[in-house]
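Read through the structure below, which is laid out as structure tokens, and then see the notes.
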There are 2 protein chains.
Amino acid sequence: MLNDVADLDRVFHALSDPGRRLMLERLGQGPASVSELGRPLSMSLAAVVQHVQVLEVSGLVRTSKLGRVRTCSLNPVILRSAERWIAERRALTEGRLDRLGQYLAGTADRPGTGTADPAAPDSPA
Amino acid sequence: MLNDVADLDRVFHALSDPGRRLMLERLGQGPASVSELGRPLSMSLAAVVQHVQVLEVSGLVRTSKLGRVRTCSLNPVILRSAERWIAERRALTEGRLDRLGQYLAGTADRPGTGTADPAAPDSPA
């Protein structure tokens, strides 16, 4: 779970780079070594390591080292926190737009029942 | 809908700033003018305008101008695209971890069916 604003800053910053997103896509298939992650990317190993560090600092990726091989894996908990932040704003906005749509459809269906006037005589008085 | 990699770069970059996320939280409640968006933030109007531009370029926010007032609103379609990208990676990883957990629980329930070490002297030889 993400605890503060700075965590979300780091997660969305980590997600904003296409190379890092490609690494995360690979890790969605299962753990991988740093050199495996770098294979499809045209960059130096040093650059790959830097990207992995950004992902690790964000919490999106966990790494462990056995001998000379560092293995990376995706942390779904952090992905879920970022997803939830977006989903909450999206749901609020869609809910509001749905209600507006229903209101507009309702006023279009019932000509003469008034629009912005809450005193419109729609129910039997 | 987001069409290419550069679009997601811009969306996640826009989301990586706490001030911009605060603006999006406000817009989750409904449209607002640029100056309303800047009110809770301790920054100049020029800085607020710059942040709004980043949000607009990302597609997360749409703006319209009437007279001297520019009104901003949240675009849920773009939020949904970013959410979907995260959700797909998260679901893949969680699915894999669930299957691993079920496998491990299965092997724990059935002692003698072999674990990591086939030579373990647990089963009757």
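Heavy-atom basis, side chains included; hydrogens, waters and symmetry copies ignored. Sequence lines set the chain letters: A, B, ... in the order given, protein chains first and strands last, and positions in each chain run from 1.
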Could you check B:E36 against B:R26 for salt bridge (Lys or Arg N to Asp or Glu O under 4.0 Å), going step by step and ending with a plain yes or no?
CA-CA 9 Å; B:E36 268 177 273; B:R26 167 61 191 83; 3.2 Å; yes
Can you find a side-chain donor-acceptor pair between B:R70 and B:T63 that sits under 3.5 Å?
yes
Verify whether one side chain among B:E83 and A:W85 offers a donor that lies under 3.5 Å from an acceptor in the other.
no
Under 4.5 Å heavy-atom distance to chain A, tell me which part of [X] shows up: side chain, backbone, both or neither.
X: B:D9; result: both
X: B:R80; result: both
X: B:Q29; result: both

Most chain A-contacting option - heavy-atom pairs closer than 4.5 Å, from B:R10, B:E94, B:H13
B:E94
Answer yes or no: is there an ion pair linking A:E25 with B:R89, defined by an N-O contact shorter than 4.0 Å?
yes
Hey, could you give me the OG/CG distance between A:S33 and A:L66, rounded to the nearest 0.5 Å?
12.0 Å
Ranked by heavy-atom pairs below 4.5 Å to chain B, first place among A:S73, A:A87, A:G95, A:A91 goes to A:A87
So for A:L97, is it side chain, backbone, both, or neither that comes closer than 4.5 Å to the heavy atoms of chain B?
side chain
